[in-house]
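In what follows, chains carry the letters A, B, and so on, assigned in the order in which the sequence lines appear, proteins first and then strands, with residues in each chain numbered from 1. As the structure is a computational prediction, the values presented were derived from the model and not from experiment.
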Amino acid sequence: MLLGWAPANGCRCLGAAEALEPFDAEFRRFAMKRSSAGRFQDFYRLLQTVHQIPRVDVLLGYTDVHGDLLPINNDDNYHKALSSANPLLRVIIQKKESDAGVFASNSLQRKKKGLLRPAHYRAKPHLLIGMPQDFRQISSIIDVDILPETHRRVRLHKHGSDKPLGFYIRDGVSVRVAPQGVEKVPGIFISRLVKGGLAESTGLLAVSDEILEVNGIDVAGKSLDQVTDMMVANSHNLIITVKPANQRNNVIRSSKASGSSGMSTDSTPSQQTPSPASQYLSNYSTAESDEEGDLVIESDSAPHYIPGGCPNGGPADGPLQRSLSPHSSRGSLQSLCSHDVPGSGTLDCGAHRGFAAALGNPIESPCREEHRVWRDAGACPSPCMSLSHTMCPGCFGQRAWHGGLMQ
Amino acid sequence: ACLDPWGRRGGGPACLAQGLGVLALTCLSPRQTVEHGFPSQPSALAYDPALRVMAIGTKAGAVKLGAGDAASGQGRFGVSPPLPQTQHGADAGPRSPPSSCSPSITRVTVVLVPDDYRCGKALGPVESIQEHPRDGSRLLIGYSRGLVVLWEQNTRTVQHLFLGNQQLESLAWEQSGKSIVSSHSDGGYMVWAVSGAGQKTQQPVMSTIPYGPFPCKAISKILWRTCESGNPFIIFNGGMPRASYGDRHCVSVLQGQTLATLDFTSRVIDFFTVQSPSPPSPGFENPRALVVLVEEELVAIDLQTPGWPTIPAPYLAPLHSSAITCSCHVSNVPLKLWERIISAGEQQSPRLSSAAWPIDGGKNLAQEPTQRGLLLTGHEDGTVRFWDASGVSLKPLYKLGTANIFQTDCEHNDSLNQAGTQLPPPRLLVGCFDPYSDDPRLGVQKIALCKYTAKMVVAGTAGQVLVMELSDEKSEHAVSVATVDLLQDREGFTWKGHDRLAPRNGPLPFAPGFQPSVLVQCVPPAAVTAVTLHSEWNLVAFGTSHGFGLFDYYRRNPVLARCTLHPNDSLAMEGPLSRVKSLKKSLRQSFRRIRKSRVSGKKRLNASSPSSKVQEANAQLAEQAGPPEVEMTPVQRRIEPRSADDSLSGVVRCLYFADTFLRDAAHHGPTMWAGTNSGSVFAYALEVPSQEKFSERAVEAVLGKEIQLMHRAPVVSIAVLDGRGNPLPEPYEVSRDLAKAPDMQGSHSMLISSEEQFKVFTLPKVSAKTKFKLTAHEGCRVRKVALVSLASAGSEERLENCLACLTNLGDIHIFTVPGLRPQVHYGCIRKEDISGIASCVFTKHGQGFYLISPSEFERFSLSARNVTEPLCRLEVSRLQDTSCLRWDRRRGHRGFATAAPLHRRPPAHLSARIPGMHDSTGPPPRAPSPHNVDSPLL
């Protein structure tokens with residue numbers, strides 16, 4: 001016998017949203033047989049039925065013996081969850097909002113990982129520490145399995161943060177081990193980390209780290225200015241491969257892990273040929289850049305973001321958020337929306353995301369789909385409303401903002 | 001082996017073409033083809049009277065050959081070391097022959113001068129060696145201290161000694177060989193009679209100081225030319241009164257009582273005279289023309305026409321007569337407009353001689369240009385010069401001045417003319433090089449010309465926008481003035497830059513040519529950064545660092561003004577001067593760095609030596625002695641995304657008119673687009689009344705769309721492509737049957753080029769279709785872009801549109817349009833050559849120009865079909881066998897010559913290898929080696 005425990009629709013009560021929230025957590029306890037556990041989809045439908053939320057998409061999670069919140073989203077972890085029931089299994093049901101998952105705090109990454117090594121992703125458990133809108137991923141080490149151990153590939157997530165990337169680069173001399181012996185070649189190095197900047201806060205980059213690649217492109221032979229331009233051009237999604245000056249904190253892989261990656265790990269530090277990984281990376285950078293939406297303001301209708309050309313679409317998040325930062329709405333765009341709603345420029349995105357959820361809007365599709373619907377339908381509540389469309393309704397709470405006004 | 005003319009990085013053009021539907025690579029055959037303009041820093045001049053070609057050597061080691069008018073052109077040898085003047089100093093004898101000498105002199109002969117002639121002092125260096133005009137075995141050698149020796153090579157004896165006691169500058173023979181003339185450092189010259197063997201002469205026949213009696217400067221070169229019609233010509237350089245005209249660059253022409261002083265604006269390098277190839281009466285030289293090379297131009301004086309007027313040069317035009325500030329190319333100019341411009345130009349310069357260009361050797365084999373190309377250069381002094389860029393030589397057509405409609409501080413020309421009248425002999429101001437600008441605000445920043453309506457817009461440094469119209473008649477009218485406030489209602493800004501130019505009031509006289517009708521002045525008066533003209537809609541759009549405006553020049557009223565300034569942008573209000581401060585600061589810092597590195601370098605060098613400790617201590621002392629703020633900071637670059645409040649983000653970078661779909665897919669209409677430094681694009685829908693209602697109804701502009709590119713890079717160019725992916729035609733192009741009508745059925749798209757990436761968007765719904773992120777991939781930034789149509793090498797009819805892009809690294813990249821697939825890229829300009837990169841203009845058919853020096857344009861061609869390259873023939877007669885060596889030279893050789901500007905390789909031999917630089921009476925020259933044949937004569 002198992003017991004389900006599920007607060008439906010809203011473990012999140014944020015500020016003003018709380019007042020509007022019509023219902024609180026809801027608990028259900030029910031029993032099912034271990035032997036007739038079935039498949040994940042059946043369980044999912046069962047929960048929807050039990051909670052009477054037939055068309056609401058939800059995320060499922062459970063707490064394991066260590067108290068960590070783990071996801072249930074496929075047969076494997078469903079069965080794993082069942083096996084850990086002792087005898088009670090606490091299942092937490094949470095409404096799925098827009099697309100940003102609770103368990104994957106970054107959709108970009110999810111997509112990328114899905115492409116590259118799905119098995120790895122699934123196997124990796126995620127810890128839910130708090131509400132995702134309170135946290136923001138700022139960096140990740142990626143492609144550990146395909147890089148030489150002496151190298152580190154770091155992705156910096158600039159997103160909408162006001163934090164600067166916060167690092168400087170310089171020319172320097174790199175010592176390489178070549179067949180003829182040690183040779184000195186010009187290289188690019190990190191020269192300074194700004195205190196409190198993104199680069200410093202990751203702890204993954206340090207002064208004197210040599211920069212080998214920028215978004216998969218080898219920097220060998222490029223000048224300091226060229227590398228600077230490349231980094232700035234990629235700054236919304238910067239992936240830099242470094243050879244850390246301090247080699248003691250490298251990720252040590254077991255031989256098994258490196259074997260499974262299909263890549264040899266004995267590559268010498270001097271190996272500078274772009275690895276297959278960098279090929280992948282360049283592909284990503286193009287794919288992801290499609291999500292980099294340019295902002296278009298129609299003078300006679302709602303503004304919208306330019307969807308990228310990528311047909312299978314991906315949610316646009318990082319770059320869009322940038323445009324939400326106060327300075328951009330104060331900027332040249334404001335003059336257009338002369339009778340803008342006061343304070344729209346200072347909206348806190350996170351709060352309004354919660355707001356949107358609270359209103360129960362079914363924001364679920366990727367941003368581009370959503371706002372296309374909006375645009376095509378011309379479904380602006382009022383002309384005045386349309387002018388306050390400085391944000392993409394699909395991703396962040398623009399719609400909620402309207403809702404709030406209508407209240 | 002084919003050398004890669006573009007090969008800064010060794011390899012040939014890197015080919016990136018892949019997949020289907022790419023541009024046929026046969027279209028692309030990039031190469032540098034010809035240099036236009038005047039060579040930078042000329043250092044030597046030579047003329048061959050037999051071949052009738054001249055050569056100019058430069059300090060950079062280049063030699064340019066100039067042949068006949070038709071064989072127009074200049075070539076460039078890859079010669080490395082700087083070319084010295086044709087004077088050589090040596091105590092013991094001549095070291096090398098002056099370039100005018102026969103190449104047969106290859107030996108150094110020691111001239112032994114008996115001690116008693118030396119008057120107890122050294123002879124000084126050899127100043128001049130002149131071969132006898134009739135007898136090649138006799139040489140005249142002049143020493144610095146004044147002694148002149150006539151040396152007989154065959155008998156190795158001194159034939160005649162002239163015991164001059166004045167410091168010698170130069171020597172010249174009289175044509176018959178009966179007398180010589182020597183020039184001296186005191187500004188005088190002497191004529192000496194030459195007689196038989198073993199003589200010595202103490203006194204000259206004649207001695208005079210032409211500009212005496214007050215102290216004069218040296219006469220550095222003198223020529224004596226006999227003339228059938230009367231007195232001989234004595235032509236000399238210098239000799240001006242030291243006190244009053246010592247700083248002038250003058251060449252004097254003296255014939256009997258007639259003395260003319262030619263006053264040049266730059267230093268005289270050298271000069272020669274040109275005689276008729278077959279003198280009508282032997283015994284007389286009868287010079288046709290005097291050709292003077294000064295540092296900044298080449299001037300030919302017609303000596304057979306009274307008044308000695310200037311003969312217009314068919315090449316080597318001094319492009320930089322005032323510094324070039326911008327340039328613009330107009331291709332396929334209609335014949336009508338062409339003729340009107342030429343006629344306007346002819347009426348401007350009545351003092352030009354009608355004589356043919358005197359240097360007429362060689363034969364031009366280049367094809368007649370298939371179309372008329374016009375290159376417009378804007379200059380610092382407010383002039384716009386029109387150049388015939390159709391062919392190999394760039395010819396001046398017409399000069400338009402804009403300074404006369406403004407009140408400027410000094411009336412520059414008047415003061416000079418007054419000075420001229422003070423000189424006793426008639427002093428002629430010669431040449432057009434005039435680097436001094438009255439007022440920097442007059443500088444021309446942007447030019448737009450409509451070739452169908454002959455309307456032109458010239459915009460300048462003080463925010464002035466002049467709308468001009470070509471008129472064949474002179475006129476006197478008032479220019480209507482309008483001001484457009486680009487700050488609008490933004491508060492808290494005060495312009496700290498220069499004032500606007502004050503226009504002159506009342507009717508002003510205008511010569512036939514382009515005459516201003518409207519003057520629009522931007523407020524604040526910052527330099528105009530973008531301009532565009534639509535002659536069909538009678539609209540001109542202009543932008544500065546503060547915003548942009550739209551002006552209806554038919555009704556003469558502003559239609560629109562829009563501020564693009566960001567609230568935090570303070571730099572935009574500083575004006576152009578503030579940059580200087582930061583430059584100074586950075587210079588100081590880099591000097592400190594250099595000093596630092598020297599100190600530390602020394603330390604390392606001597607680390608093991610016993611004295612190292614002392615030096616180290618000294619170095620430390622030096623470090624301590626330095627100012628406290630000196631830090632050993634390495635050059636580092638901040639990595640940060642661009643933000644909206646970056647400085648100068650409001651600069652308007654491009655403006656564009658298009659008849660396209662902005663609001664919905666069903667209706668197209670006039671639109672205007674503006675792109676800024678911060679990646680913003682503004683699109684306006686224009687209500688333009690029909691032609692007949694133009695005077696009744698005003699043009700209206702309504703903001704249609706505003707696009708903020710997420711990467712915020714400056715927008716360099718905007719273009720709309722029709723349903724077939726072709727760029728929209730220019731105004732009137734279709735109505736005059738000169739272009740196919742654009743496809744208005746299929747959906748239009750818009751190509752936005754920023755400094756970092758190219759993007760094609762659909763219209764009217766602005767959604768991204770394709771893109772290429774150049775900076776993210778290559779680490780280079782876009783400097784210039786143009787849509788060019790290239791004819792493929794295979795078939796003339798097959799025109800392909802592509803996007804040509806010049807990067808900050810000096811590379812040219814070619815992309816397909818609208819697919820934005822990279823096709824090919826190659827190095828074109830050295831990346832250090834910032835002014836070269838900044839000056840580049842593309843033509844519509846795949847050629848381009850960029851400045852390789854302040855005075856020279858290099859022309860290059862992307863297309864295999866549209867190539868302008870010199871091709872000419874020079875027949876070099878070899879004296880021992882009378883057969884003619886036909887010396888054909890085609891520059892298409894891809895190699896040596898074209899690579900020269902990039903490589904500056906050291907071939908190291910000049911005088912012996914210029915074919916034809918020999919005297920007709922001398923022994924046979926060395927047969928031209930294959931190397932010679934490969935050298936370009938252009």
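- Residue B:Glu687 qualifies as open at atom CD: its count of foreign heavy atoms under 6.0 Å is 12 or below.
- Listed options A:Val219, A:Ile188, A:Val214, A:Leu224 were ranked by heavy-atom pairs under 4.5 angstrom with chain B; first place goes to A:Leu224.
- Taking OG from A:Ser235 and CZ from B:Arg642, the interatomic distance works out to 7.5 Å, rounded to the nearest 0.5 Å.
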How far apart are the C-alpha atoms of A:Arg170 and B:Val635, what are their side-chain angles, what is the distance that settles it, and do they pass the side-chain contact (heavy atoms from CB on, under 4.5 Å) test?
CA-CA 6 Å; A:Arg170 62 165 169 90; B:Val635 179; over 6 Å; no
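- Of the atoms belonging to B:Glu640, heavy atoms from both backbone and side chain fall under 4.5 Å from chain A.
- Comparing A:Val232, A:Ile169, A:Thr228 by heavy-atom pairs within less than 4.5 Å of chain B, the highest count is held by A:Ile169.
- Taking both residues in full, the closest heavy atoms of A:Arg192 and B:Gln636 are given as NE-NE2, 3.8 Å, listed atom of the first, atom of the second, then distance.
- Here B:Ile639 contributes atom CD1 and A:Leu238 contributes atom CG; the two are 8.0 Å apart, rounded to the nearest 0.5 Å.
- Atoms NE2 and CG, on B:His711 and A:Asn234 in that order, are 11.5 Å from each other to the nearest 0.5 Å.
- A distance of 9.0 Å separates CZ of B:Arg638 from CG of A:Leu165, quoted to the nearest 0.5 Å.
- Between the CD atom in A:Glu298 and the CG atom in B:Leu703 there is a gap of 10.0 Å [rounded to 0.5 Å].
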Going through the distances and angles, do A:Val227 and B:Arg637 end up as a side-chain contact (heavy atoms from CB on, under 4.5 Å)?
CA-CA 9 Å; A:Val227 177; B:Arg637 298 275 184 274; over 6 Å; no
Please determine whether side-chain contact (heavy atoms from CB on, under 4.5 Å) holds for the pair A:His236 and B:Met710, giving the CA-CA distance in whole Å, both sets of side-chain angles, and the decisive distance to 0.1 Å.
CA-CA 9 Å; A:His236 64 281; B:Met710 243 349 122; over 6 Å; no
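- In this structure, B:Asn808 and A:Asp229 have side chains that are in contact, with non-hydrogen atoms separated by less than 4.5 Å.
- Rounded to the nearest 0.5 Å, atoms CG (A:Asp294) and NZ (B:Lys771) are 7.0 Å apart.
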